[in-house]
Structure formats: C-alpha cells, structure tokens
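Here, residue 1 is the first one in the sequence, and each next residue gets the next number. Side chains included, hydrogens not; waters and symmetry mates left out as well; all remaining heavy atoms used.
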Amino acid sequence: MDSSAIFRKKYGSFRRFFLMLGKARLPYLWIAAYLAASVVIANVGVSSTEYSAALFAGNVGLTAVVLPYLFYQLLSLVLGSVSGLLANLCEARMDRNLRRMVWCKTVRLPLRFYETNNPKELLSRITTDISSISGLVMRVFLAVLTTAYSSFVILRKISSYDGALMWSLVAILPVNILISFIMGRLKFGVQDLINRRNAQLTAAIAERTNNLMLIKSMGAEEKEAAVGEGHMRASYRAAGMNIWITGLSLPISAIATALQTVVIILVGRGFYASGALELTQWIAYYGFAVQLTNILSAYCGYWTTFKQVQGSVDRVTEIMDERSEDLDTGEVMGSPAGGIRFEKVDFSFGGTPLFQGLDLDIPAGRITAVVGPSGSGKTTLLNLIDRLYPLAGGTIRVGGRDAADYSLASFRRALGYVTQESVMYAGTIRSNLLHGLGRTPSEEELDEACAAVGILDYVRRQPLGYDAPVGESGASLSGGQRQRFSVARALLKRPDCLLLDEATAAMDIDGKAGVWASIRTAMAGRTVVYVAHDAQTIANADYVVVLRDGRVEAAGEREHILSTNLYCREMMENGEEEN
C-alpha cells in the first residue's frame with residue numbers, strides 16, 4: 001500500500017506557495033547580502049582556478065602566480081564562511097517568520113477546521129514542514145540563482161579560450177538531468193509519505209501521553225503499546241523505502257559522473273593536441289569542467305529536494321488557504337442590553353441536521369438553565385451563542401440586534417464561556433487566571449474571584465501563591481479545582497453574558513452551592529446561560545429551557561417547567577432520591 005506513494009500522480013502546485021511566501025515577511029536584506037556574497041565568490045573562484053592551473057602547468061613565479069593564488073584561496077575561504085553565516089541566519093529568520101505566520105493563521109481558523117484535521121498533526125506542520133520549506137528557499141531557489149551565475153561566469157571564461165570548446169562542454173553536461181528528474185519524482189512521493197507517517201506518529205504519541213491515567217486505569221498498556229508500535233513500523237517502512245531509493249540513486253549518479261569525466265578529458269585533450277589550447281588553459285578547462293559537473297550534480301540535488309518538499313509545501317499552503325474567522329469586521333459591541341433570541345436557526349454537524357428552524361427566547365438579566373437528554377444540542381446552543389460556529393440559516397439576536405452585526409472579537413470579549421473541559425495550560429495559577437483577560441487585575445481582585453469560587457484557601461496554601469505551577473493541562477489540580485479556577489477566570493473577565501457548560505459538575509455539593517451563590521451575586525442584573533444535568537444545579541435557575549432532539553420541548557419560569565415537564569420532574573425526583 002505504501003509503495004503507491006512512490007508513483008503519485010499529484011506533485012503539488014507552487015503557485016500558492018509563492019503567494020504564501022509573499023505574506024511571510026522574508027528577510028530580504030539578509031537574502032540580498034547572501035546573494036551579493038555569492039556573486040563575489042563566483043568571480044573569485046574563477047581567478048583562483050586559473051592561478052591553480054598555472055601552478056599545475058609549472059609556472060611557480062612568486063609574485064605572478066604563488067602569492068595571487070594564496071590570496072584568492074584565503075579570500076575564497078573567508079567569503080565562504082561569511083556566505084555560510086548569512087545563509088544560516090536567513091534560514092533561521094525564515095523559520096521564525098513562517099512559523100509565526102502559520103501559527104497566527106492556525107489560531108484564527110474556525111472550529112470546523114479541527115473537526116476534519118487532527119490538531120496534534122499540526123505540530124508536524126509548524127515544525128518539520130516549516131523547516132523543510134525554509135530549507136527549500138535557501139538550498140534550492142536561492143542556490144539555483146547563485147549556481148546559475150557561477151555557471152555563467154565559468155562558461156564565459158571557457159568561451160574566452162575557445163567558443164567551440166564551451167559548446168562541446170555544454171553538450172556533455174546534461175547527462176545527469178534525466179537521472180535527477182526520475183529520482184526526484186520517486187523521492188517526492190516517498191518523502192511525503194515519511195512526513196505523513198511521522199505526523200501521525202507524533203499525534204498518536206502526544207494524545208496517549210496526555211491520557212496515561214485512562215490507559216493505566218483501563219489496563220490498556222499492552223494495547224496502546226501495540227498501537228504506538230504500529231505507527232512506528234509504518235514510519236520505519238517509509239524510511240526504509242527512502243533508503244532503498246537513495247541507495248539506488250547513488251551508484252547510478254556515480255557511474256554517469258565517471259563516464260562524463262572521461263568524455264570531458266578526451267574533449268579537452270583533443271583541443272590541446274590541436275593547438276587550440278595552451279597547457280595552462282587545458283588544465284584550467286578541466287578544473288572549470290569539474291566545477292560545472294559539481295554544479296550540475298548540485299542541480300540534481302536541488303531537483304530531488306524540490307520534489308521531496310512539495311508534500312510539505314502542499315500541507316502548509318492548505319492551512320494558509322483555509323478561510324480564517326473574520327475577527328474585526330462589524331461594529332464594536334459594548335454592553336449588550338436585552339435577551340438572546342434564536343430566530344429560525346438551522347445548524348448541522350457534517351451532513352446531520354441538529355437545529356432546524358429553532359426559535360427560542362432567553363431572557364436578559366436572569367439565570368437560564370438549558371436541560372435535556374444527551375445529544376439534544378445543549379452544548380451546541382452555547383457554542384452558537386458564542387459564535388464558535390457559523391449558522392446554516394436563521395439569526396441569533398442579542399438585545400434586538402443581529403449578533404453578526406458585531407465584530408467577532410468584541411462580541412466574544414463581552415461574553416464569558418466556561419466549557420466542559422475546564423481547560424488550563426502548563427504554567428502558573430496566575431497565568432491561567434489572566435489568560436485572555438486583556439488587563440492585569442490587582443492581587444485583591446484575584447483574591448475576590450478565587451474566594452468567590454472557594455479556591456482562595458488552596459492558593460494561599462501554595463508556597464508560591466498565584467505563581468505556583470499547575471502542571472501540564474492543570475495535571476496537579478483535581479477536576480473540581482480546575483473548574484473553580486475556570487469559573488474564577490470567567491468572573492475576572494466581568495462579562496455581560498456568562499455561558500457555563502456543566503461548569504460545576506466536578507464539584508461536591510457544598511462547593512456547587514457556594515460557587516452558584518457567588519455567580520448570582522457577581523452576575524446580578526446580567527445574563528447567565530448554563531447547561532444543567534442534575535437537580536441541585538437546575539435549582540439555581542430562574543428560567544429553564546428543555547431541549548430534545550434539537551428542538552425546544554419547553555421553556556419558561558423554573559417552577560412552572562419543573563411542575564409541567566416530565567423530563568424535569570424525573571430529573572428532580574432522581575436528585576431527591578440520591579440526596
């Protein structure tokens with residue numbers, strides 16, 4: 001199955017690639033300096049070769065040959081070092097700028113993109129693929145320009161000896177072009193396969209190392225070890241295929257180069273025997289011919305690299321071609337006044353409709369609970385309020401205005417959203433509380449927010465206080481603690497509308513009661529919409545919406561819905577039995 005990658009029909013398009021480079025803010029001044037150094041090196045190389053030929057011909061005059069030869073050799077060494085330094089600096093700056101561009105694009109992509117693309121595979125796109133692209137620019141595109149100039153300078157010098165000699169050399173050199181073309185096509189497919197297999201391996205390992213507790217609790221060590229080994233074997237097979245192709249190309253190229261060298265010597269010998277060339281010129285001709293052969297071999301390498309990197313180029317340009325969320329178009333949203341209204345809203349996941357013509361009113365300044373069976377659309381309702389997904393049809397109005405009239409950035413700033421996952425980053429308590437806040441609150445304000453959710457005592461017990469680390473994804477915290485910090489982060493935002501998706505589910509009974517009392521106080525007169533799954537949580541609501549199969553089954557005042565809706569009555573009865 002993997003062998004089909006060698007004979008791929010699609011070899012990528014570089015039109016989009018060059019458009020992408022135009023947006024990447026390449027280090028043009030550094031590139032210009034590198035090209036200028038390469039031009040000087042090419043001309044110095046011609047002089048160095050001529051003086052070297054004179055030495056081989058027996059001309060050992062100190063001032064006429066030896067000293068100039070040493071000078072040009074030293075100058076070539078210095079310029080080569082400078083050129084290498086400039087090339088490395090250019091490549092490093094390209095890596096930085098390209099990664100910054102792709103990362104900024106990635107965080108602006110809509111959530112729909114991540115439903116069809118594994119986020120963990122993006123690690124390989126931003127690291128390995130970007131390095132391949134910057135290498136392509138420096139070691140292929142710019143190298144083609146510099147070696148083309150070097151070839152021109154060398155051929156011009158040979159032409160000054162004899163025009164026919166130059167054309168005979170030009171006729172001999174293209175032997176390797178066909179070989180490089182064939183090997184380049186093979187290398188493109190297999191290198192693309194290697195990158196894909198490595199990306200899959202990276203994603204699989206990253207996902208499993210983040211879920212070791214689940215693996216161990218389920219006794220799935222052997223199974224997951226086998227899964228990892230399967231990805232590693234796939235990567236090994238792709239690498240082995242590359243080794244075989246590379247091993248095949250080396251002897252073929254070596255044989256072609258040897259035959260080419262024999263022909264070059266015989267041609268030069270013929271011109272020398274006829275008197276068209278002097279001894280020094282014949283020796284210099286051979287030196288120039290070797291240089292041109294090396295340049296052509298380098299072109300073969302450029303072509304192979306060019307084909308290898310096309311897969312990386314395709315994957316990165318595919319990300320850049322995705323349509324980003326438009327964060328700034330629209331009016332700046334102030335404090336939204338009024339309720340939230342769904343008018344004939346249509347929404348689908350993939351090709352499966354969830355909401356069809358949904359109508360719903362969520363009152364302003366009150367706490368609204370959204371309840372219903374799993375899969376009824378509760379979390380999706382909150383996601384649509386926060387404009388995380390585009391509507392397929394209909395309108396969501398906030399305070400009587402279409403939410404789409406406001407810029408996405410200002411709209412989301414006006415809302416606070418605590419998701420089911422209670423996401424935390426590796427870092428400190430402080431950095432997690434301030435994430436996305438846009439301002440620096442005082443210590444007193446941090447204390448108030450943490451006290452409101454019952455987590456301040458925990459913070460004060462830490463030797464470093466707010467600067468205590470929380471571990472990878474908040475691993476040092478319990479589920480309830482992560483939820484408390486997530487709610488505190490949302491309260492620090494001072495939102496005009498607060499969305500909570502089972503934000504207290506991991507807390508104990510007393511913890512839930514305390515957090516909800518604080519939410520009611522902090523959000524007094526403002527809108528709160530939350531997903532509820534238990535009797536205790538639904539009791540905090542003023543207003544209740546019951547969803548079932550993507551439609552509103554009931555909506556109204558809490559006491560009325562609890563007494564008239566069968567689903568809510570059963571939820572309350574089950575809650576009382578548990579208590």
Side-chain angles (χ1 to χ4, degrees), residues 2 5 12 14 16-27 30-31 87-109 111 113-143 187-212 227-228 230-239 241-243 304-322 324 423 425-427 472-473:
D2 288 352
F14 273 78
R16 296 180 304 167
F17 171 68
F18 289 115
L19 292 175
M20 180 185 73
L21 285 184
K23 303 175 184 177
R25 297 177 59 190
L26 299 182
W30 289 94
I31 290 174
N88 290 333
L89 285 172
C90 287
E91 191 166 343
R93 286 173 177 266
M94 282 185 201
D95 277 344
R96 178 197 64 187
N97 293 356
L98 286 168
R99 286 192 176 116
R100 181 168 53 197
M101 179 185 69
V102 175
W103 172 245
C104 289
K105 176 72 174 187
T106 300
V107 298
R108 288 173 171 80
L109 290 174
L111 290 181
F113 173 82
Y114 297 98
E115 293 173 4
T116 55
N117 294 271
N118 188 340
K120 290 183 173 60
E121 286 196 22
L122 292 175
L123 294 173
S124 180
R125 305 292 168 262
I126 297 173
T127 54
T128 304
D129 286 344
I130 290 298
S131 294
S132 297
I133 290 173
S134 60
L136 174 68
V137 174
M138 289 304 303
R139 294 191 288 273
V140 176
F141 294 151
L142 294 184
K187 292 284 283 186
F188 162 63
V190 75
Q191 190 63 44
D192 183 49
L193 179 65
I194 289 173
N195 290 338
R196 291 183 182 277
R197 293 290 181 263
N198 288 340
Q200 292 166 2
L201 174 62
T202 300
I205 291 177
E207 185 174 38
R208 281 153 180 81
T209 51
N210 285 336
N211 294 285
L212 283 174
V227 171
H231 285 291
M232 292 172 192
R233 282 195 299 270
S235 293
Y236 168 75
R237 285 194 297 268
M241 199 179 299
N242 185 50
I243 291 170
T304 301
T305 303
F306 178 86
K307 301 308 293 183
Q308 288 175 349
V309 175
Q310 276 189 283
S312 298
V313 169
D314 281 350
R315 288 188 292 273
V316 174
T317 53
E318 282 170 6
I319 293 175
M320 296 305 300
D321 286 346
E322 290 287 336
S324 302
V423 175
Y425 292 100
E472 184 74 24
S473 301

Just verifying a value: how many Å separate [X] [atom1] and [Y] [atom2], rounded to the nearest 0.5 Å?
{"X": "Ile126", "Y": "Thr106", "atom1": "CD1", "atom2": "OG1", "value": "4.5 Å"}
{"X": "Arg139", "Y": "Ser134", "atom1": "CZ", "atom2": "OG", "value": "7.0 Å"}
{"X": "Glu91", "Y": "Trp30", "atom1": "CD", "atom2": "CH2", "value": "14.5 Å"}
{"X": "Arg237", "Y": "Arg197", "atom1": "CZ", "atom2": "CZ", "value": "7.5 Å"}
{"X": "Arg99", "Y": "Thr127", "atom1": "CZ", "atom2": "OG1", "value": "6.5 Å"}
{"X": "Leu136", "Y": "Leu142", "atom1": "CG", "atom2": "CG", "value": "9.5 Å"}

Seminar exercise, completed: With sequence neighbours left out, the residues meeting side chain to side chain donor-acceptor pair (under 3.5 Å) with Ser324 are Lys105
For this session: Apply side chain to side chain donor-acceptor pair (under 3.5 Å) to Arg96 and list each qualifying residue two or more places apart in sequence or on a separate chain.
Result: none
Exercise. With side chains defined as the heavy atoms from C-beta onward, is the minimum distance between Ile31 and Arg93 less than 4.5 Å?
Worked result: no
Search all heavy atoms of [X] against all heavy atoms of [Y] and return the closest pair with its distance.
{"X": "Tyr114", "Y": "Leu109", "value": "CE1-O, 4.0 Å"}
{"X": "Ser131", "Y": "Asp95", "value": "CA-OD1, 3.6 Å"}
{"X": "Cys90", "Y": "Pro27", "value": "O-CG, 3.9 Å"}

